[in-house]
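We name chains A, B, ... by the order of the sequence lines, and we start the count at 1 in each one.
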Amino acid sequence: MINHKMPLAEFMAQRADVLAQWETGKEVDLEEALAYQKAIAPQKRFSARLMKAKAEGETLIQPRAGVALPEEHLKLLKTLQDEGTADLLPTTIDSYTRHNRYAEAKVGIDESIKTGKSLLNGFPAVNHGVAVCRRIVENLQVPLQVRHGTPDARLLAEITMAGGFTSFEGGGISYNIPYAKNHSLERTITDWQYVDRLIGYYQDHGITINREPFGPLTGTLVPPCISHSVAILESLLAAQQGVTCITVGYGQCGNLIQDIAAIRTLEKLMHEYLHRYGFDKVQVTTVFHQWMGGFPQDEAKAYGVIAWGAATAVLAGATKVIVKSPHEAYGVPTAAANANGLKTTKQLTMMLKDQVAIEHTLIQAEMAIIDRETRSILEAVLTLGQNDFGISVVRGFEAGLIDVPFAPALCNANKALPARDHHGAVRFLDFGNLPFDEDLKAFHRAKLEERAKAERREVSFQMVIDDIYAVSKGHLVGRPR
Amino acid sequence: MINHKMPLAEFMAQRADVLAQWETGKEVDLEEALAYQKAIAPQKRFSARLMKAKAEGETLIQPRAGVALPEEHLKLLKTLQDEGTADLLPTTIDSYTRHNRYAEAKVGIDESIKTGKSLLNGFPAVNHGVAVCRRIVENLQVPLQVRHGTPDARLLAEITMAGGFTSFEGGGISYNIPYAKNHSLERTITDWQYVDRLIGYYQDHGITINREPFGPLTGTLVPPCISHSVAILESLLAAQQGVTCITVGYGQCGNLIQDIAAIRTLEKLMHEYLHRYGFDKVQVTTVFHQWMGGFPQDEAKAYGVIAWGAATAVLAGATKVIVKSPHEAYGVPTAAANANGLKTTKQLTMMLKDQVAIEHTLIQAEMAIIDRETRSILEAVLTLGQNDFGISVVRGFEAGLIDVPFAPALCNANKALPARDHHGAVRFLDFGNLPFDEDLKAFHRAKLEERAKAERREVSFQMVIDDIYAVSKGHLVGRPR
Amino acid sequence: MEKTTVVIGVIGADVHAVGNRIIDYALTQAGFNVVNLGVMVSQKEFVDAVIETNAKAIFVSSLYGHGELDCRGMGDLLKEAGLEKVLLYAGGNLVVGKTDFEPVEEAFKAMGFDRVYPPGTDINQGIADLKADLAALG
Amino acid sequence: MEKTTVVIGVIGADVHAVGNRIIDYALTQAGFNVVNLGVMVSQKEFVDAVIETNAKAIFVSSLYGHGELDCRGMGDLLKEAGLEKVLLYAGGNLVVGKTDFEPVEEAFKAMGFDRVYPPGTDINQGIADLKADLAALG
Ligand code: B12
Ligand code: B12
């Protein structure tokens, strides 16, 4: 980990190793890639599209999607663009590639060809290489982003950026803690500093690539202050390497007041912390993820969850919304099911587009809470690391000052536990080592006591379990039934 | 028309004629019917279920449904109850019955038997008679309501109330203006005074039947003040005949602020006007209708519209919500499609149930507008008729003081024209003879000018047409595109 | 040149008035002389109006699901009146429920309709067809 | 009486941790001794854990869609280790996409799994089956 923009020579030296990790690495020619990126029209660039939407108060819609084979992948994305009216397109990477298991991805590709169905849960971009990526980007009319969950995404970034993608999701924290088990944060932050440096390199040459820390983390009852802290720390790490266009994200919790407050506070705190460290020229946009936890199996109910996420995204004023499909509870959606989720979402973003923003004294109050919580965490973490972002993150997680609920990563404390309050807002049932003052803790306890009293039971882990299942069973709060 | 509770003898004299209208009339024995109704358990009574929901802040869900043949109809309702989790059930009556064309309904029944598919758009309850109605009510677990659109519903009411239904939709205005062409208001109000008197008779014997004026009227860009005026006038007419449990309705316009303000103002004004005329013991609940205008053909988009209606109903605090299906744009839904609309709705009512009510200074402002508009209409109408409700209504419509947009009835002025403002709230483009003062008119004009300016075109009938199509084409405001 | 007259209306016990108003507006804008019978129109009223106004076409709307029952015999009625050359179109939500459109089209054509439209048809489609058919008739 | 040991874990490169925590909790509540290998567990780790702990059953979870690729040969591996009597269950979202469950069940049974569960199965169903199967084994 470093605490400064990586010197060019150092970056170039590391590149050689990165490109050697898989045979397709040699397809990347950085100078040629710059020229290729420069020729991409503004309406196909993520950064330009997002800034336009932000200026016009529009909420863009984007699906997740990826299959093993290029032609099928292109066909899928075309359907989502034309039939689903997606404003932005993804390319979701398969899990083998995410773990740099390119040989296994190869088996998946071969088997997919043989059996005629995609046996991978995403698009193995590294195996396919630069030219294939470009063919995909060129045959579509809207901007494309790489969405994955890769702890070490250096080669993936090299190939897909040379391949013409204009946005890259992830970060050293958000693609480690929820997506890995044994990776150290030192390692993943270092690897992501490389990714951000690569994008900083493009930026230095006049090409803006959008970066998006993965907001929802484990997608399961993550309180806003946790994901906000991660988003801001990752943004600082990215900005330090020269990234100038960042979309910070948040996964819907389901309580309207909390969700609106969360998106607004996220944007406000981003500006404040970027400013504190002198990264004033970074363009900030927001992404709202439709409910990321367990979905109802019934498709009609799933449509309800999707629509509520769409409505909340617009009411919260997010720049874009990531869309789920009615197949969510079962598996990777068909193109048609995916397009259906998009269409439901578009109907709502369009119907809500012209309506006025919602104001509420409770939104103000909730914003104050999230602000205070997030600030508590960030100040404690940044103090511990003496403003060295990487060290702050590593020590912060070690000390449990940031703690992501239900994370698989062993470097996460896994002590903090969330549960919903009586109105469905996500609070803390166990603080672990979160650096909250007594006032803040009393607030959370009172909120859960209010619920416990209404449900005539004790505050306990059973509430957490009930809340995990609640949405999939047709509720928000997991009441005893 | 009368302006007092109909004397019992007069009512009984009329009954004889009514029951003679079709052969099944002779099946009705009022004393026996009282005993039958008395034996219905509270959880199967509309009134009790609604008051419980209101007390608990719950929003109940109810579909529309009806097919030609009894067994199929029962099966359909069972599906909606068990699979669709409907809290309340309907029996939607076919259009021939609505026009008292029982002979044609008979042809429809026979043809339906012959072809094996329902050729009627609803359940012909009069033709089927009392015993069949009871079999249906008895085989279901939730309360049942008759939903129709019948200008002269006297025989239908006799048969279905004896048949065990515990709620009856409609009224002399709301089932005339949007549902008929040549009926005079004198006639339909007189006929509905009979219906209300019948229900008053049940009430006098301790049996509460719920009454529901049909809120959405033509379902097409009806400004809240118009439907509110009709709802309140019909409620006064009903209360006068002894009705004590009334659910007033409103069809979603689509702008959240306006919709919330509309439901709240409706309840407030109801209490005020009922009180003014001494009907203080009437129990008032509200029903919110999911979007009643043209629907998108695409089912995924239709789900979006349905979900937004469900969410708004809860946020507005309505006691129940009437649910559309994803087949809406095509035709009477299959049982499965109907259940799907219910499930989407239930997912949202459950997820939003525990959330706090939305407050907004704009909601207050909108409530003030709706209050003023509705009051202007009601005062002008009631003054004209010297507080004789029936005469007030007849003269009010004659003078165009109330004017329902897009109504087929020749007794409606059809001069007022609605259009959406820049934020999607429904305003007046043409006031016709609505008794609005200059301030109020200036408000509407300014609102439409704001939109016209943004769209760089004149305020014109083309806006109305564009707005009629807008939701079905995936928008709220019909912008030039 | 004189304007061609088209009779429009919503058949049977059907009161859906919105589409009817739009069809009126669109046909008028397109240069036709529109005789609008409104809602709840019987077959006989349609035929009488054609005779009275020397109309060249009828646009029958049926939204509420009883279209099949209501339109039966309409072609014969025109024929009996010697009006087989009058163009007879139907549109709206012609049958109960969401079904394949082909059998519906066939059934209506068998009843004497020249053109039959599925739910939500853009009225301009109907007008374009009308112009073409009128031109073909000369 | 000693508690029966069950090995649980999420196979392959799969990191879905939530269900795994709930299965741990539920099996523990039901009186079993749970050896939880967490996420990203290889076939070998499962087998080694069974040998080490003398477990009577394995609950394999696979959520992310690569279950079919990851579980291939698992039955054989157990057999080779002389552990054919160990109950082998799989659940989660075993294959990519929403499909009929029957062929999936067949494929996994062919790979040596005793019981195979569709998406969103209530874990108590798995526990009830486990008790029945253990009782049958004696
Ligand atoms: C939360 C979530 C995530 C979180 C996971 C956080 C974490 N580390 O735990 C995040 C966002 C990180 C994530 C990432 C990914 N996910 Co994910 N995720 C989900 C989601 C929404 C909920 C899963 C969950 O927690 N459910 C709640 C728990 C309690 O239920 P459960 O896991 O199903 O387990 C219960 C039962 O299945 C049963 N059970 C499970 N195993 C067994 C075994 C036996 C023997 C028995 C009896 C019972 C049993 O009991 C459990 C307890 O009740 C599901 C979709 C859904 N279900 O709605 C998708 C889903 C599982 N994910 C999916 C995918 C593809 C991914 C990604 C590859 C891509 C992506 N979308 O980013 C990555 C994979 C990363 C990796 N390498 O594994 C797909 C899998 C596709 C498929 N099988 O076809 C799903 C189905 C979504 C979808 N429709 O596309 N995901
Ligand atoms: C608004 C509405 C109402 C209002 C009507 C107010 C009024 N008086 O006008 C109210 C609430 C009163 C109502 C009542 C009923 N309705 Co209604 N209604 C609708 C709704 C939602 C919109 C209709 C509309 O105005 N569309 C907008 C206009 C512009 O479009 P349009 O009417 O389709 O017309 C256009 C095209 O179809 C085409 N077109 C039409 N005719 C022709 C002819 C030709 C030749 C051509 C070329 C083109 C053409 O051009 C028109 C202009 O663009 C539709 C469902 C939908 N479409 O979303 C149901 C719908 C038509 N109603 C239906 C039903 C069943 C009823 C009721 C029987 C029961 C009920 N639900 O209460 C009653 C019927 C009363 C009666 N006797 O007629 C059903 C019909 C079922 C079927 N066919 O299987 C529908 C489809 C809803 C459903 N899915 O159940 N309804």
Side-chain angles (χ1 to χ4, degrees), chain B residues 67-68 94-101 104-105 107-108 111-112 115 117-122 149 151 176-182 218-221 293-297 299 325-334 337 404-410 412 414 461-462 464-465 468-469 472-473, chain C residues 8-30 36-43 45 61-73 91-104 107 117-125 127:
Chain B
V67 289
D94 70 291
S95 287
Y96 291 135
T97 302
R98 293 169 186 223
H99 292 280
N100 313 109
R101 302 185 182 179
E104 279 168 84
V107 174
E111 293 276 322
S112 299
T115 60
K117 60 173 181 175
S118 179
L119 288 175
L120 294 179
N121 59 11
N176 174 336
I177 304 296
Y179 283 103
K181 184 176 181 178
N182 293 311
T218 54
T220 306
L221 303 175
F295 248 66
Q297 298 209 320
E299 293 194 18
S325 94
H327 281 187
E328 178 63 15
Y330 291 96
V332 171
T334 57
V404 179
F406 311 108
L410 298 174
N412 184 67
N414 255 319
F461 186 63
Q462 189 59 45
V464 185
I465 293 194
I468 287 174
Y469 286 127
S472 68
K473 291 191 172 167
Chain C
I8 71 171
V10 187
I11 201 166
D14 192 337
V15 299
H16 289 89
V18 182
N20 173 260
R21 267 185 90 168
I22 291 189
I23 294 174
D24 189 335
Y25 184 82
L27 277 167
T28 307
Q29 292 276 322
N36 188 352
L37 306 177
V39 302
M40 294 190 74
V41 181
S42 67
Q43 295 190 3
E45 287 171 285
S61 294
S62 175
L63 280 296
Y64 71 155
H66 293 182
E68 210 174 331
L69 294 170
D70 292 335
C71 289
R72 278 195 198 155
N93 298 60
L94 292 171
V95 295
V96 178
K98 178 172 182 176
T99 44
D100 284 348
F101 187 62
E102 256 179 58
V104 178
Y117 298 90
T121 298
D122 188 336
I123 182 62
N124 293 316
Q125 178 61 46
I127 294 175

>> Quick check on Ser118(B) against chain C: is it the side chain, the backbone, both or neither that has a heavy atom closer than 4.5 Å?
In response: backbone
>> Can you tell me which of Ala17(C), Gly65(C), Gly97(C) forms the most heavy-atom pairs within a distance under 4.5 Å of chain B?
In response: Gly97(C)
> Distance from Asp122(C) atom CG to Tyr469(B) atom OH, nearest 0.5 Å?
Replying inline: 6.0 Å
> Atom CD1 of Ile23(C) and atom CD1 of Ile8(C): how far apart are they, to the nearest 0.5 Å?
Replying inline: 6.0 Å
> At a heavy-atom separation under 4.5 Å, does Leu120(B) approach chain C through its side chain, its backbone, both, or neither?
Replying inline: both
> Atom OG1 of Thr99(C) and atom OH of Tyr330(B): how far apart are they, to the nearest 0.5 Å?
Replying inline: 10.5 Å
>> Whether the Tyr64(C) and Asp70(C) side chains hold a donor-acceptor pair (N or O, under 3.5 Å, no angle test) is what I'd like checked.
In response: yes
>> Quick check on Phe295(B) against chain C: is it the side chain, the backbone, both or neither that has a heavy atom closer than 4.5 Å?
In response: neither
>> According to salt bridge (charged side-chain N to carboxylate O under 4.0 Å, His left out), who are the partners of Glu45(C), at least two apart in sequence or on a separate chain?
In response: none
> Just checking, is any N or O donor in the side chain of Asn121(B) or Asp94(B) under 3.5 Å from an acceptor N or O on the other one?
Replying inline: no
>> Looking at chain B, which one of Val39(C), Val95(C), Leu63(C) has the largest number of heavy-atom pairs inside 4.5 Å, strictly under?
In response: Val39(C)
> With only heavy atoms counted, which part of Pro178(B) is less than 4.5 Å from chain C, the side chain, the backbone, both or neither?
Replying inline: backbone
> So what's closer than 4.5 Å to chain C heavy atoms on Arg98(B): side chain, backbone, both or neither?
Replying inline: neither
>> Report which part of Thr334(B) has an atom under 4.5 Å of a heavy atom belonging to chain C: side chain, backbone, both, or neither.
In response: neither
> With a 4.5 angstrom heavy-atom cut-off, which part of Ala337(B) approaches chain C: side chain, backbone, both or neither?
Replying inline: neither
> Can we call the ring centroids of Tyr25(C) and Phe461(B) under 6.0 Å apart?
Replying inline: yes
